[in-house]
Amino acid sequence: MYIGAQQEVPEDFSFPIIGLLNRNIENVEDAISKLNLNNDRVNASIFWFYNGNAITDEPMFDTLKASKEEAKEAIDVWIKLAAADEVTKRNASAFQNLSTLYLNSALNNEIISKNKLEKGISLKLKFLESDFSNDFIKLSSDETYKVSKEALQIYFLTQVYNEIEKVDAALVEWYLECISKINFTAKQNYLNDFVSKPIEVLKNLIEENKIVRKESPSKAYVLGNSLYTTGSEKIIIIQNILGKSNIQFTSISDKLSDEILQCGIVYFKKYRDTDTDPSAKAMDLFKKAKKLAVGSIAIQRCQENTENLQEWIDDSSERELNKKIGEDVKFIMDLLNLAVTTLKNKGSYPKGYNDPYSDLPFSAQPHNKEFSKEDVKAQLSKPDFDFGRLKDKEFRINIFRLARDIPKKCKPKLENIKNHIGISNEIYQKISNRVVSISLSCIIDYVNSSANEMFNTPPSVGDIEINVMDSIGQLDMNNETRKRYLEQKQALMNIKSATVRRNSKSSGGGCYIATMVYGDYEHPQVKILREFRDNVLAKYILGKYFIKTYYKYSPKLVERLKGKENINVIIRKTLNQIIKIIKK
């Protein structure tokens with residue numbers, strides 16, 4: 001009425017201590033519209049002043065209408081009355097009025113005063129919990145209206161919570177801790193209803209996190225860390241309300257823990273084999289997950305992953321070394337395994353192996369199969385046939401290649417390994433000795449296979465085999481392996497010497513029967529026969545075949561004819577006639 005008449009509102013309607021009120025027609029009409037029903041009036045009156053004790057309250061209200069300094073006198077009186085633990089008819093209004101003042105002071109500022117807010121909530125709940133709140137309710141509604149303590153308490157707390165969220169949402173956790181300390185009828189129901197919201201929020205957060213984590217594993221750490229920051233706040237709220245043993249709390253906390261742990265696992269797997277070390281961030285998420293784990297299964301899973309990750313971290317030096325020499329070790333072992341299998345297969349490469357020499361032309365590739373009788377006949381018909389081809393058996397050239405290539409290819413790899421772990425390191429010594437041993441096995445096997453039963457020829461050794469032995473000798477090896485190497489090398493040197501002597505008597509000019517009958521390898525007649533062999537017979541297929549046959553059987557024939565001069569004379573005369581024909 002005063003506002004409508006554009007007149008000053010009397011001081012009887014104002015309390016300076018609660019601050020200036022924005023009174024205009026719109027606000028007043030809005031307030032009136034919210035006070036039509038009993039329920040509306042009762043709910044609003046919870047935050048009003050209460051003249052419940054005419055003796056003490058009337059003068060207190062007069063004082064409140066004065067200045068703020070004078071109002072403090074009234075406040076002090078109400079403080080003394082509300083200091084009692086028990087709410088009585090005499091002090092009930094003091095609880096209500098003091099609470100209203102504290103709540104107004106706490107919530108009407110940019111920064112909420114937690115001390116005043118806590119006092120206001122506690123005093124109000126004590127008042128609403130008392131039987132004297134019924135007298136208060138009757139003043140704001142008619143006699144027919146009935147409302148329970150629980151309903152009033154829940155409405156009050158809901159309004160306070162809404163105000164807190166508007167001003168400072170970060171205080172919600174503190175607010176719930178504050179509520180949990182107070183005993184009142186609606187406590188459990190209010191908290192149960194209240195906690196359903198953060199539980200639902202957490203469930204949604206976890207599901208959203210799973211989707212993004214699966215789509216973007218590289219973001220797993222950021223996702224897990226963010227989920228922990230947001231989720232742990234709500235978990236504390238839920239724990240404070242429900243208690244740590246509550247199944248709802250245990251379930252949601254373990255789910256949150258598991259998702260954060262999974263973020264750490266995914267992040268670790270994503271970067272484990274890259275230059276980015278994921279251990280610190282993964283361990284951070286594992287520890288955070290463990291803080292939230294409540295159930296035994298969740299705790300055990302966190303513990304196992306933490307221990308496994310710690311082992312991985314402890315092995316970092318070995319892992320770094322593996323990065324430096326791992327590829328070299330693998331290369332060497334693969335090559336040695338190839339050699340071992342090829343030796344077992346008598347020179348045949350294992351199935352599926354891509355022979356690097358397979359694309360060479362036939363003339364440059366010794367053998368891809370063993371010569372059968374049909375092969376021999378086919379080769380004999382070729383004008384460029386080389387009898388030396390028949391010396392090697394099926395795939396034996398593969399053994400030689402391995403003997404030659406293993407030390408050559410492994411040496412730089414071994415040098416790199418030695419530079420990183422040292423020559424005395426057990427791993428290096430085993431690998432180097434293994435390279436030497438298998439290389440020796442290959443070259444010895446190859447030399448032994450050079451003997452040919454078809455032409456009754458013993459093993460032969462040339463410079464290429466000795467060169468292979470020399471390359472093997474350049475590798476590091478222990479004393480026992482060195483001793484074996486030297487023995488094998490000496491054996492090959494002996495075979496080489498025998499080969500040289502044999503060649504000098506045969507392919508190099510040795511004519512067994514002619515030398516026997518003329519008595520001298522350098523006899524003029526013997527020289528003529530050698531020249532005929534080299535310049536005529538060797539140019540034709542049948543001539544070559546004759547030469548091979550001659551050298552196969554002539555040594556045995558010479559042995560049988562030793563000392564039989566009469567037969568030698570006949571042979572010599574025959575050769576003289578042949579030589580005369582040759583000279584023509």
Side-chain angles (χ1 to χ4, degrees), residues 14-22 42-53 56-88 90-130 132-133 135-137 139-140 149 152-187 190:
S14 299
F15 295 96
I17 195 169
I18 65 174
L20 296 175
L21 299 178
N22 183 20
V42 170
N43 288 338
S45 67
I46 293 175
F47 298 93
W48 291 352
F49 289 121
Y50 172 35
N51 186 0
N53 187 333
T56 58
D57 291 334
E58 285 290 352
M60 293 304 103
F61 290 135
D62 290 336
T63 306
L64 287 179
K65 295 174 185 177
S67 65
K68 291 183 180 180
E69 289 73 19
E70 294 177 300
K72 289 181 180 179
E73 296 178 11
I75 295 173
D76 289 340
V77 173
W78 282 331
I79 290 174
K80 291 178 181 179
L81 289 172
D85 291 333
E86 186 181 358
V87 179
T88 63
R90 180 172 177 271
N91 66 9
S93 59
F95 279 85
Q96 168 67 9
N97 295 330
L98 191 57
S99 168
T100 297
L101 283 172
Y102 282 145
L103 291 172
N104 176 75
S105 178
L107 297 172
N108 274 348
N109 296 297
E110 292 183 1
I111 299 176
I112 294 176
S113 170
K114 291 195 290 185
N115 181 46
K116 290 182 178 179
L117 183 59
E118 184 175 7
K119 289 179 179 179
I121 293 172
S122 178
L123 290 168
K124 190 73 71 178
L125 286 174
K126 285 183 179 180
F127 173 70
L128 295 176
E129 184 68 17
S130 70
F132 303 102
S133 62
D135 297 333
F136 171 75
I137 298 305
L139 294 176
S140 56
K149 293 179 181 179
L152 286 175
Q153 292 168 358
I154 289 177
Y155 177 80
F156 163 68
L157 291 173
T158 301
Q159 295 305 308
V160 172
Y161 174 79
N162 291 339
E163 291 298 319
I164 291 173
E165 272 202 320
K166 289 179 186 177
V167 181
D168 189 355
L171 287 179
V172 171
E173 180 184 335
W174 169 86
Y175 163 75
L176 290 170
E177 289 180 3
C178 177
I179 297 300
S180 63
K181 298 175 184 177
I182 306 171
N183 292 321
F184 56 98
T185 302
K187 179 178 179 178
Y190 173 73

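- Counting only heavy atoms from C-beta outward, the side chains of I17 and I75 approach each other to under 4.5 Å.
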Apply ring-ring contact (aromatic ring centres under 6.0 Å, His included) to residues F95 and F132 and explain how you reach the verdict. CA-CA 11 Å; F95 279 85; F132 303 102; over 10 Å; no
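- Side chain of N91 to main chain of E86: a donor-acceptor pair is present (N/O by atom type, distance under 3.5 Å, no hydrogens or angles).
- Counting all heavy atoms, side chain and backbone alike, I179 lies closest to I121 at CD1-CG2, 3.8 Å.
- In plain terms, the two heavy atoms of A92 and F127 that are nearest each other are O-CD1, 3.3 Å.
- Contact annotation: the side chain of L117 approaches that of V160 to within less than 4.5 Å [non-hydrogen atoms, C-beta and beyond].
- Between atom NZ of residue K114 and atom CG of residue D168 there is a gap of 9.0 Å, rounded to the nearest 0.5 Å.
- Distance alone, capped at 3.5 Å, places no donor-acceptor pair between the S122 side chain and the K119 backbone.
- Neither side chain, T185 nor K149, offers a donor N or O lying under 3.5 Å from an acceptor on the other.
- Heavy-atom minimum distance, A82 versus A94: N-CB, 4.4 Å.
- Taking 4.5 Å as the limit, every side-chain heavy atom of V42 sits out of range of all side-chain heavy atoms of Y155.
- Looking at every heavy atom in both residues, S133 comes nearest to L128 through OG-O, 3.6 Å.
- Ion pairing between a basic and an acidic side chain is recognised when a charged N comes within 4.0 Å of a carboxylate O; K126 and E129 show no such pairing.
- The minimum heavy-atom distance linking V172 with I164 is given by the pair N-CG2, 4.5 Å.
- Taking OH of Y50 as the reference point, atom OG of S140 lies at 10.0 Å (rounded to 0.5 Å).
- Judged by distance alone, the side chain of S105 and the main-chain N or O of Y102 form no donor-acceptor pair under 3.5 Å.
- Side-chain rings of F184 and Y190 stay apart, their centers remaining 6.0 Å or farther from each other.
- In plain terms, the two heavy atoms of C178 and E118 that are nearest each other are SG-CG, 3.3 Å.
- Residues that satisfy the side chain to side chain contact (heavy atoms under 4.5 Å, CB included) test with T100, not counting sequence neighbours, are F49, Q96, K124.
- Side-chain atoms of D57 come within 3.5 Å of backbone N or O of G52 as a donor-acceptor pair.
- Counting heavy atoms from C-beta outward, L152 and I137 have side chains that approach closer than 4.5 Å.
- Inter-residue side-chain proximity for L125 and Q153 is flagged as met; some heavy-atom pair is nearer than 4.5 Å.
- Here CD1 of I112 is found 11.0 Å from NZ of K166. Values are rounded to the nearest 0.5 Å.
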Could you go step by step and tell me if D135 and L139 meet the side chain to side chain contact (heavy atoms under 4.5 Å, CB included) rule? CA-CA 7 Å; D135 297 333; L139 294 176; over 6 Å; no
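- Separating the CD1 atom in I18 from the CG atom in L103 is a distance of 12.5 Å, to the nearest 0.5 Å.
- In this structure, CG on N53 lies 7.0 Å from CZ on R90, to the nearest 0.5 angstrom.
- The line from CH2 of W48 to CG of N97 is 13.5 Å long, rounded to the nearest 0.5 Å.
- Note: F156 and F47 have tilted aromatic rings, judged against thresholds of 30 and 60 degrees for the angle between ring planes.
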